[in-house]
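Note: hydrogens, waters and symmetry copies are ignored here, and every other heavy atom, side chains too, is used.
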Amino acid sequence: MKKQVSLALVAALATMSLAACGSSSSTATTAAATEAATEAATEVAAEETEASETEAAEETEAETETEAADAGEETELIVFAAASMTETLTEIADLYKEVAPNVTLTFNFDSSGTLKTQIQEGADCDIFISAGQKQMNQLDKDASADVNTEGLDFVDGATRIDLLENRVTLCTPEGNPGGVESFDDLADKLANSDILLAMGNSDVPVGQYTQKILAYYGLDEEELASAGKITYGTNVKEVTTQVTEASVDCGVVYCTDAYSAGLTPVDYATAEMCGQVIYPAAVLNVSASPDAAAAFLEYLTGADAMAVFESVGFAPVE
């Protein structure tokens with residue numbers, strides 16, 4: 001169709017050129033007009049050829065991309081996640097293999113503070129799931145400058161979500177040798193008797209929540225630590241281990257970690273004590289596979305993944 005229109009245009013140009021010459025025009029003038037029409041035809045034909053070649057190339061590229069998708073190219077996603085998600089994400093990875101068999105999930109579990117530092121220092125990472133908003137905010141350019149003090153820009157803000165809610169719990173070793181019955185009781189015993197509490201370091205979320213609980217009861221953490229009443233863990237798993245091994249009288253951990261370790265919480269912290277325990281998640285803007293990462297993050301919000309999370313004490317964020 002395009003060729004017919006072009007040929008018609010050329011013919012029209014030729015006719016107009018000849019008409020312009022008139023019957024009395026010289027042969028040279030007629031030849032010039034004919035040459036001009038021929039040049040116009042050549043230019044149109046060249047443009048058509050270029051357009052056809054471009055269109056063919058685009059179709060070939062689209063077909064190649066479709067074939068690659070159908071073939072299921074192997075993709076590795078590196079997920080940095082809070083240590084408290086170790087069991088659940090490992091189980092979810094097996095489920096996701098059925099949904100996306102071409103995607104390999106590689107996890108790095110540690111304290112959110114450590115993960116944040118690794119990302120900042122250039123570690124390969126596609127998705128970050130933190131146990132606290134602070135660590136995510138420290139990497140998010142849209143967060144307050146009071147939190148993101150270094151102006152870091154690693155978070156794809158369009159993908160950031162509040163994925164889960166956890167609960168801060170007080171747990172004791174089997175038999176409860178220290179007789180710690182509640183957070184109120186913990187505060188009283190820390191102030192008046194010799195018990196040993198395990199808590200997370202100040203750079204990890206579980207430690208920060210514990211600090212808020214101590215402040216809620218008007219307790220001086222530094223003074224208690226100096227008196228030998230507090231011991232620390234670099235992440236929540238270390239705190240949980242100290243409790244299960246009965247090397248302490250009690251410890252503050254997440255509900256999910258208590259469940260995984262077979263511990264029965266003696267009390268649960270209220271929002272008034274330490275606020276909500278929200279786990280934000282986001283694809284990083286340094287991801288090598290942002291589309292695949294976004295697809296997995298979306299899967300984590302679905303019914304199958306959420307059932308795994310809820311089975312150990314997590315809850316969707318209301």
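Taking OG of Ser144 as the reference point, atom CG of Asn137 lies at 8.5 Å (rounded to 0.5 Å). Going from atom CD of Gln135 over to atom OG1 of Thr114 covers 9.5 Å, rounded to the nearest 0.5 Å. If you take CG on Leu163 and CG on Leu297, they are separated by 7.0 Å, rounding to the nearest 0.5 Å. Taking CD from Glu272 and OH from Tyr216, the interatomic distance works out to 4.0 Å, rounded to the nearest 0.5 Å. Taking CE of Met273 as the reference point, atom OG1 of Thr210 lies at 12.0 Å (rounded to 0.5 Å). Put simply, CG on Leu164 and OG1 on Thr301 are 10.0 Å apart, with the number rounded to the nearest 0.5 Å.
In terms of modelled atom types and a separation under 3.5 Å, the side chain of Ser247 and the main chain of Gln242 share a donor-acceptor contact. Asp126 places no side-chain N or O within donor-acceptor distance of the main-chain N or O of Val79, the cut-off being under 3.5 Å. Between the Asn176 side chain and the Gly179 main chain, a donor and an acceptor come within less than 3.5 Å of each other. Within the 3.5 Å criterion, the main-chain N or O of Glu222 finds a donor-acceptor partner in the side chain of Ser226. Remark: the backbone N or O of Leu284 is not paired with any side-chain donor or acceptor of Ser287 at under 3.5 angstrom. Using a distance-only test at 3.5 Å, with no hydrogens or angles considered, no donor-acceptor pair links the side chain of Asp153 to the main chain of Lys141.
Counting only heavy atoms from C-beta outward, the side chains of Leu197 and Lys229 never approach each other to under 4.5 Å. Looking at heavy atoms from C-beta onward, Thr172 lies out of side-chain contact with Asp249 at the 4.5 angstrom threshold. Using a 4.5 Å heavy-atom cutoff, the side chains of Asp156 and Pro290 are not in contact. The shortest distance between side-chain heavy atoms of Phe80 and Ile127 does not fall below 4.5 Å. Using a 4.5 Å heavy-atom threshold, the side chains of Val103 and Leu77 count as touching. At a threshold of 4.5 Å between non-hydrogen side-chain atoms, the residues Leu186 and Ile213 do not count as touching. Here the side chains of Val168 and Val252 are in contact, with some heavy-atom distance below 4.5 Å. Under the 4.5 Å side-chain criterion, counting only non-hydrogen atoms from C-beta, Glu165 is not in contact with Pro316.
In plain terms, the two heavy atoms of Val253 and Cys171 that are nearest each other are CG2-SG, 3.9 Å. Scanning all heavy atoms of the two residues, the minimum distance from Phe183 to Thr169 falls at CZ-C, 3.9 Å. When all heavy atoms of Gly132 and Pro205 are compared, the pair lying nearest together is N-CG, 3.9 Å. When all heavy atoms of Tyr209 and Ala131 are compared, the closest pair comes out as OH-O, 3.5 Å. Shortest non-hydrogen contact noted between Glu223 and Asp220 is N-OD1, 3.0 Å. Closest heavy-atom contact between Met136 and Ser130: N-OG, 4.2 Å.
For Glu298, the CD atom counts as loosely surrounded, since its 6.0 Å shell holds 12 or fewer non-hydrogen atoms of other residues, nucleotides or ligands. Annotation: Gln276, atom CD; neighbour count of heavy atoms from other residues, nucleotides and ligands within 6.0 Å does not exceed 12. Within a 6.0 Å sphere centred on CG of Asn285, other residues, nucleotides and ligands contribute more than 12 heavy atoms.
A donor-acceptor pair shorter than 3.5 Å can be found between the side chains of Asn166 and Thr256. At a cut-off of 3.5 Å, with distance as the only test, a side-chain donor of Ser84 or Tyr279 sits close to an acceptor on the other residue. Side chains of Ser111 and Asn235: no donor on one and acceptor on the other come within 3.5 Å. In this structure, a donor-acceptor pair under 3.5 Å is absent between the side chains of Glu245 and Thr241.
Considering Asp110, Asp124, Asn108 as possible partners of Gln118, the one that fulfils the side-chain hydrogen bond (donor to acceptor under 3.5 Å, both in side chains) test is Asn108.
Checked against ring-ring contact (aromatic ring centres under 6.0 Å, His included), Phe109 has the following partners two or more places apart in sequence or in another chain: Phe107. Remark: Glu87 engages Lys237 in a salt bridge (charged side-chain N to carboxylate O under 4.0 Å, His left out) (not counting sequence neighbours). Legend: residues meeting ring-ring contact (aromatic ring centres under 6.0 Å, His included) with Phe309, ordered by chain and number and at least two apart, are Phe314. For Leu152, the side chain to side chain contact (heavy atoms under 4.5 Å, CB included) test picks out Lys116, Gln120, Leu139, Asn148, Glu150, Phe154, with sequence neighbours left out. Residues that satisfy the side chain to side chain contact (heavy atoms under 4.5 Å, CB included) test with Arg167, not counting sequence neighbours, are Cys255, Tyr268.
Ile195 and Val239 fall within a single hydrophobic cluster, where Ile, Leu, Val, Met, Phe, Trp and Tyr side chains are chained together by heavy-atom contacts under 4.5 Å. In terms of hydrophobic clustering, with Ile, Leu, Val, Met, Phe, Trp and Tyr side chains grouped at heavy-atom distances under 4.5 Å, Met85 and Ile119 are assigned to different clusters. The cluster map of Ile, Leu, Val, Met, Phe, Trp and Tyr, joined by side-chain heavy atoms under 4.5 Å apart, puts Leu170 and Val204 in the same cluster. Under the 4.5 Å side-chain heavy-atom criterion for grouping Ile, Leu, Val, Met, Phe, Trp and Tyr, Val99 is connected to Leu95 within one hydrophobic cluster. With hydrophobic clusters built from ILVMFWY side chains whose heavy atoms lie under 4.5 angstrom apart, Leu89 does not share a cluster with Ile278.
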Practice problem: Mind running side chain to side chain contact (heavy atoms under 4.5 Å, CB included) on Leu105 and Tyr96 for me, showing each step along the way? | Solution: CA-CA 9 Å; Leu105 295 169; Tyr96 195 63; 4.0 Å; yes
Quiz item: Please walk me through it: do Asp304 and Tyr299 pass side chain to side chain contact (heavy atoms under 4.5 Å, CB included)?
Solution: CA-CA 8 Å; Asp304 291 341; Tyr299 178 81; 3.8 Å; yes
Quiz item: When you look at Thr106 and Glu76, which way does the side-chain hydrogen bond (donor to acceptor under 3.5 Å, both in side chains) test go after all the steps?
Solution: CA-CA 7 Å; Thr106 300; Glu76 180 187 19; 2.7 Å; yes
Quiz item: Can you check side chain to side chain contact (heavy atoms under 4.5 Å, CB included) on Thr117 and Leu115, steps first, answer last?
Solution: CA-CA 5 Å; Thr117 299; Leu115 298 176; over 6 Å; no
Exercise. Any chance you could lay out the side chain to side chain contact (heavy atoms under 4.5 Å, CB included) test for Gln133 and Asp162, step after step, and finish with the verdict?
Key: CA-CA 9 Å; Gln133 298 284 14; Asp162 288 339; 3.0 Å; yes
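Note on residues 170-197: pairs passing salt bridge (Lys or Arg N to Asp or Glu O under 4.0 Å), not counting sequence neighbours, are Asp185-Lys189.
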